[in-house]
Amino acid sequence: MLDPKFLRNNLDVVAVQLARRGFTLDTGKLTDLEAERKVLQARTQELQAERKSKSKEIGLAKKNGQDVSEILSAVAKFGDELKAAEIRLKELQDETHALLMMIPNIPHESTPDGKDEDENVELRRWGDIPSFDFAVKDHVDLGAELGDGWNGKGGLMDFENAARLSGARFSILKGPLARMHRALIQFMLNTHTEEHGYSENYVPYLVRPDALRGTGQLPKFKEDLFAIEADEEAIEADKQLHLIPTAEVPVTNMVRESILDEAELPLRLTAHTPCFRSEAGAYGKDVRGLIRQHQFEKVELVQIVKPQDSLSALDELLGHAEKILQLLNLPYRVVALCTGDIGFSASKTFDLEVWVPAQETYREISSCSNFGDFQARRMLARWRNKATGKPELVHTINGSGLAVGRTLVAIIENYQQADGSIRVPEVLIPYMGGMEVIR
RNA sequence: GGAGAGGUGGCCGAGUGGUCGAAGGCGCACGCCUGGAAAGUGUGUAAACCGUAAGGUUUCGAGGGUUCGAAUCCCUCCCUCUUCGCCA
């Protein structure tokens with residue numbers, strides 16, 4: 001959420017900044033709401049102050065054994081007006097808040113302008129794109145042909161069977177492929193906790209709407225989430241559980257409604273979780289196979305930092321994600337997302353895109369964003385500034401380190417051999433019980 | 001799921017209808033003391049919101065109710081702890 005105070009005092013400036021990302025701010029609506037709110041709030045508070053002082057008078061008078069009937073009737077006179085004012089004020093505040101919750105973050109000044117992903121800016125490339133002296137296959141074909149005879153049928157990557165259980169966009173991994181998937185998770189977590197200073201967390205996969213509002217998935221992106229069936233009462237009480245679309249939600253919300261000591265910062269948190277997304281995007285070659293699933297695994301990196309540190313922390317976190325690709329020797333590039341492509345809550349985002357040989361292109365494998373105080377304000381996550389003695393909003397940063405399924409895709413395709421077998425990346429061999437090739 | 005006990009400021013903890021946003025302690029900040037530190041000691045220190053400010057409003061798990069007035073009384077719900085049952 002944007003700072004409501006800043007917003008109403010700089011409506012036109014904010015509108016211009018939001019226009020950079022293609023969002024049209026309804027300034028007229030906000031102005032109208034604000035005008036009515038201001039008058040009403042002043043009046044309401046005036047009446048409340050009146051009631052408060054009168055009530056104190058009554059208390060004193062009673063104690064002194066004086067007659068209070070005169071004061072009582074004075075209070076009764078404006079009771080109805082006060083009640084009506086309070087109700088209307090609440091309505092106005094709720095309406096304004098609902099509007100505010102639908103407004104995306106302001107892009108950071110360093111975020112390049114652009115209307116969509118075509119205008120993202122490539123910053124650098126790493127690694128050598130492998131050349132093959134045979135026709136490369138994609139991971140779907142490779143996976144289906146691997147493990148001949150393994151448990152009878154279906155290859156090591158089986159979408160047909162998964163579809164029978166769960167429908168489209170689910171997958172089954174078997175044998176050494178399932179193990180490599182698990183190996184990747186261990187490898188990523190070990191690297192981040194042992195080399196990059198993150199603390200490991202195990203977190204809930206089901207969360208309440210408040211947590212999702214905190215990080216920005218709600219209220220605007222309800223259709224992308226899987227919700228658990230709940231009765232009217234639970235929904236009314238705002239307790240309906242949702243499957244997490246990313247570990248960002250439970251991990252970032254670990255600091256919600258708290259005031260952190262300055263000495264505790266920065267917090268570097270990591271967690272491996274499954275992620276569930278119901279997004280019903282178009283099918284096509286570029287989302288074939290394991291690329292876009294309703295259920296996938298991810299190792300997430302989150303940092304909670306002081307505002308002045310967030311830009312450098314984003315660079316640092318990006319480096320931590322890059323390190324995984326480097327250790328796996330997977331070629332990738334770093335892309336700065338333009339204003340038209342950054343997510344709702346983000347002010348600045350770098351994507352890591354890994355080389356996918358079968359598509360002869362780079363595909364997103366990690367998205368690292370600085371949210372500024374946007375999520376912190378929604379969560380009421382603060383730190384105590386020693387200089388001022390006051391609580392101030394933290395800044396939040398997160399990124400995938402990495403998406404496990406897509407990393408598996410990248411390994412399968414980049415490490416494929418002419419006979420359809422897959423070499424195991426050097427760093428994963430210990431995690432694979434010494435296995436060097438998957439056949 | 002049953003029974004019992006609880007949910008108060010950054011933390012602990014007092015407070016059962018009125019001058020309570022709330023004693024006391026811890027922590028923190030600044031000062032005194034000290035060669036320096038610790039100890040001791042003095043003062044200050046909840047948050048959110050409105051307001052340029054002065055100042056004001058709200059908040060004692062959440063929501064509703066009673067009342068001129070609620071941390072305090074009533075109702076509903078949530079959560080935590082203990083215990084029994086069940087279970088991985």
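Proteins get letters first, then strands, A, B, ... in listed order; numbering begins at 1 in each.
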Using the [atom1] atom as the reference point in each nucleotide, state the distance between [N] and [M] in Å, no decimals.
N: B:A70; M: B:A5; atom1: P; answer: 27 Å
N: B:U72; M: B:G7; atom1: C1'; answer: 15 Å
N: B:G17; M: B:U67; atom1: C1'; answer: 9 Å
N: B:C12; M: B:G1; atom1: P; answer: 27 Å
N: B:G9; M: B:G61; atom1: C1'; answer: 14 Å
N: B:G24; M: B:U41; atom1: P; answer: 15 Å
N: B:G6; M: B:A71; atom1: C1'; answer: 15 Å
N: B:G18; M: B:G85; atom1: C1'; answer: 48 Å

Provide the Watson-Crick or G-U wobble partner of [N], both distances under 3.5 Å; none if there is no partner.
N: B:G1; result: B:C84
N: B:A62; result: B:U76
N: B:G21; result: none
N: B:U67; result: none
N: B:G36; result: none
N: B:U45; result: B:G27

- Message: Does A:Lys62 reach a base, just sugar-phosphate, or nothing at all? Heavy atoms under 4.0 Å.
- Response: base
- Task: Please evaluate the base of B:G69 for a donor-acceptor partner in the side chain of A:Lys56 within a cut-off of under 3.5 Å?
- Result: no
What's the [atom1]-[atom2] distance between [X] and [N], to the nearest Å?
X: A:Glu257; N: B:A62; atom1: CD; atom2: P; value: 11 Å
X: A:Glu262; N: B:G10; atom1: CD; atom2: P; value: 17 Å
X: A:Lys90; N: B:U58; atom1: NZ; atom2: P; value: 15 Å
X: A:Ile58; N: B:U19; atom1: CD1; atom2: C1'; value: 14 Å
X: A:Asp261; N: B:G27; atom1: CG; atom2: C1'; value: 9 Å
X: A:Leu82; N: B:U58; atom1: CG; atom2: C1'; value: 13 Å
X: A:Leu60; N: B:G69; atom1: CG; atom2: P; value: 17 Å
X: A:Glu86; N: B:G65; atom1: CD; atom2: C1'; value: 15 Å

- Query: For the rings on A:Phe226 and A:His294, is their centre-to-centre separation under 6.0 Å?
  - Reply: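 They qualify: ring centres under 6.0 Å apart.
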- Message: Ring centroids only, cut at 6.0 angstrom: are A:Phe276 and A:Phe296 within range, meaning strictly under it?
- Response: no
- Message: I'd like to know if A:Arg384 and A:Glu264 make a salt bridge, using a cut-off of under 4.0 Å between side-chain N and carboxylate O.
- Response: no
- Charged N to carboxylate O below 4.0 Å: is that the case for A:Lys306 and A:Glu392? no
Closest heavy-atom pair and its distance - [X], [Y]:
X: A:Asp341; Y: A:Asp116; result: CB-C, 4.3 Å
X: A:Arg378; Y: A:Met1; result: NE-N, 3.1 Å
X: A:Leu18; Y: A:Asn105; result: CD2-O, 3.6 Å

- Message: So if I apply the side chain to side chain contact (heavy atoms under 4.5 Å, CB included) rule between A:Phe350 and each of A:Asn370, A:Asp315, A:Val335, which one comes out positive?
- Response: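 Exactly one option meets the side chain to side chain contact (heavy atoms under 4.5 Å, CB included) with A:Phe350, and it is A:Asp315.
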- Query: With a 4.5 Å heavy-atom cut-off, do A:Ser345 and A:Thr215 have their side chains touching?
  - Reply: no
- Picking from B:U58, B:U57, B:G18, the nucleotide nearest the side-chain atoms of A:Arg51 would be B:U58
- Position toward the 5' end of RNA chain B (nearest nucleotide), A:Ala76 or A:Thr44: A:Thr44
For nucleotides 74-80 of chain B, which of its nitrogen or oxygen atoms have a protein nitrogen or oxygen under 3.5 Å away, and what is each distance?
none

- Task: Measure the CD-CD distance between A:Glu46 and A:Glu50 for me, rounded to the nearest 0.5 Å.
- Result: 8.0 Å
- Note on the structure: Contact string for nucleotides 45-53 of chain B, one letter per nucleotide 5' to 3', B = base within protein heavy-atom range under 4.0 Å, S = sugar-phosphate only, - = neither, reads --SSSSB--
- Query: Going by the angle between their ring planes, with limits at 30° and 60°, are A:Tyr198 and A:His192 parallel, tilted or perpendicular?
  - Reply: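 It falls in the perpendicular class, over 60°.
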